[in-house]
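Beneath this line is the structure, given in structure tokens, with notes to follow.
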Amino acid sequence: MREHRALNAILEPGGITPVYQPIMRLDGGTPRLAGFECLSRGPKGTNFESANVLFEYVRLKREETLVDRACVAAALAGAPKRESLQLTVNVHASTIGRDHEFPDFLCETAAANGIACDRLVVEIVEHAPPWDSIGFAAALDRLRASGMCISLDDVGLGQSNFKMILDVRPDFLKLDRYFVGSCPTDRNRQAVIRAVASLATHFGAEVVAEGVENRAVADVLGEFGVRYMQGVLFAEALSGDDARAFAEDPPR
């Protein structure tokens with residue numbers, strides 16, 4: 001019963017709080033706002049307010065589909081509406097594979113909030129293989145047909161491996177902060193970053209590096225051809241109001 005109440009608290013209106021992490025594109029060393037990654041926090045004042053705790057619980061209970069829908073709805077309702085900016089929404093692979101109506105739900109939710117589908121990037125959070133690989137592939141085709149791009153989270157970790165890259169053929173490869181933070185002084189991490197960047201080039205994709213905390217890290221990433229970055233060097237994750245203000249006056 002307690003667990004049932006916890007899920008209800010997450011799913012009820014206001015249970016999910018969206019925050020928005022700016023994604024910057026560096027052209028010639030100058031950062032320009034490319035979009036936002038839409039992140040989610042659980043009910044305030046509970047353990048589930050932490051995203052790690054929230055989604056560990058959700059996966060344990062196999063309720064990814066319900067919670068992914070709630071997170072997407074909350075994120076798009078509060079997202080900056082500037083047409084030139086991409087919005088990245090995180091979705092479990094199992095949701096894409098099991099919920100055959102999810103592509104329609106995503107398009108309808110975007111339209112209801114005045115957001116064109118071609119502004120959306122669906123970032124696949126992969127903690128286990130999708131339950132229905134045929135349905136998963138078909139859903140990706142439908143998402144792309146609507147104009148959305150596909151991103152693969154945490155490349156190099158867990159299930160986000162070479163097979164997943166071949167199966168998904170993503171438009172963006174998300175480079176986890178594990179490889180990013182000490183890259184100015186760690187030649188092994190530099191080798192991984194070079195390899196991911198080379199792989200992205202082969203597939204016509206872009207690398208997005210997360211956890212960029214200082215200019216030295218940004219400079220090394222830029223040397224290896226990584227143009228999209230997010231992290232505290234540019235901005236913390238922002239509330240909806242702050243994200244809209246940031247979109248109107250981004251750093252130059």
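- For Arg244 and Asp241, the salt-bridge test passes: some basic side-chain N is under 4.0 Å from an acidic carboxylate O.
- The CD atom of Gln86 lies 6.5 Å from the OH atom of Tyr228; values are rounded to the nearest 0.5 Å.
- In this structure, CZ on Arg189 lies 14.5 Å from CZ on Arg187, to the nearest 0.5 angstrom.
- Under the 4.5 Å side-chain criterion, counting only non-hydrogen atoms from C-beta, Val168 is in contact with Ile124.
- Put simply, the side chain of Asn90 gets close to the backbone of Cys38: a donor and an acceptor are under 3.5 Å apart.
- In this pair, Phe55 and His92 present their aromatic rings tilted. The plane angle is within the 30 to 60° band.
- Between Phe36 and Tyr20, the ring planes are perpendicular. Angles over 60° get that label, and only those under 30° would be called parallel.
- A heavy-atom distance below 4.5 Å is found between the side chains of Leu76 and Leu120.
- Arg142 places no side-chain N or O within donor-acceptor distance of the main-chain N or O of Pro103, the cut-off being under 3.5 Å.
- Without hydrogens or angle criteria, Arg169 side chain to Leu166 main chain gives a donor-acceptor distance under 3.5 Å.
- Side chains of Val196 and Leu199 form no contact here, defined as non-hydrogen atoms less than 4.5 Å apart.
- Between the CD atom in Glu223 and the CD atom in Gln190 there is a gap of 8.0 Å [rounded to 0.5 Å].
- No side-chain heavy atom of Phe179 sits under 4.5 Å from any side-chain heavy atom of Asp186.
- Expressed to the nearest 0.5 Å, how far CG of Leu66 lies from OG1 of Thr95 amounts to 9.0 Å.
- In this structure Phe105 satisfies the ring-ring contact (aromatic ring centres under 6.0 Å, His included) test together with Phe102, sequence neighbours excluded.
- Side-chain contact between Arg227 and Asp27: present, with at least one pair of heavy atoms (C-beta onward) separated by less than 4.5 Å.
- Inter-residue side-chain proximity for Phe234 and Gln230 is flagged as unmet; no heavy-atom pair is nearer than 4.5 Å.
- No donor-acceptor pair closer than 3.5 Å links the side chain of Asn113 to the backbone N or O of Ile115.
- Between the CG atom in Leu106 and the CZ atom in Arg69 there is a gap of 9.5 Å [rounded to 0.5 Å].
- A donor-acceptor contact shorter than 3.5 Å links the side chain of Lys81 to the backbone of Ala79.
- For the atom pair CG (Asp167) and CG (Leu140), the distance works out to 9.0 Å, reported to the nearest 0.5 Å.
- When side chains are defined from C-beta on, Val122 counts as touching Ile96, because their heavy atoms get closer than 4.5 Å.
- The closest side-chain heavy-atom distance from Leu33 to Met24 is below 4.5 Å.
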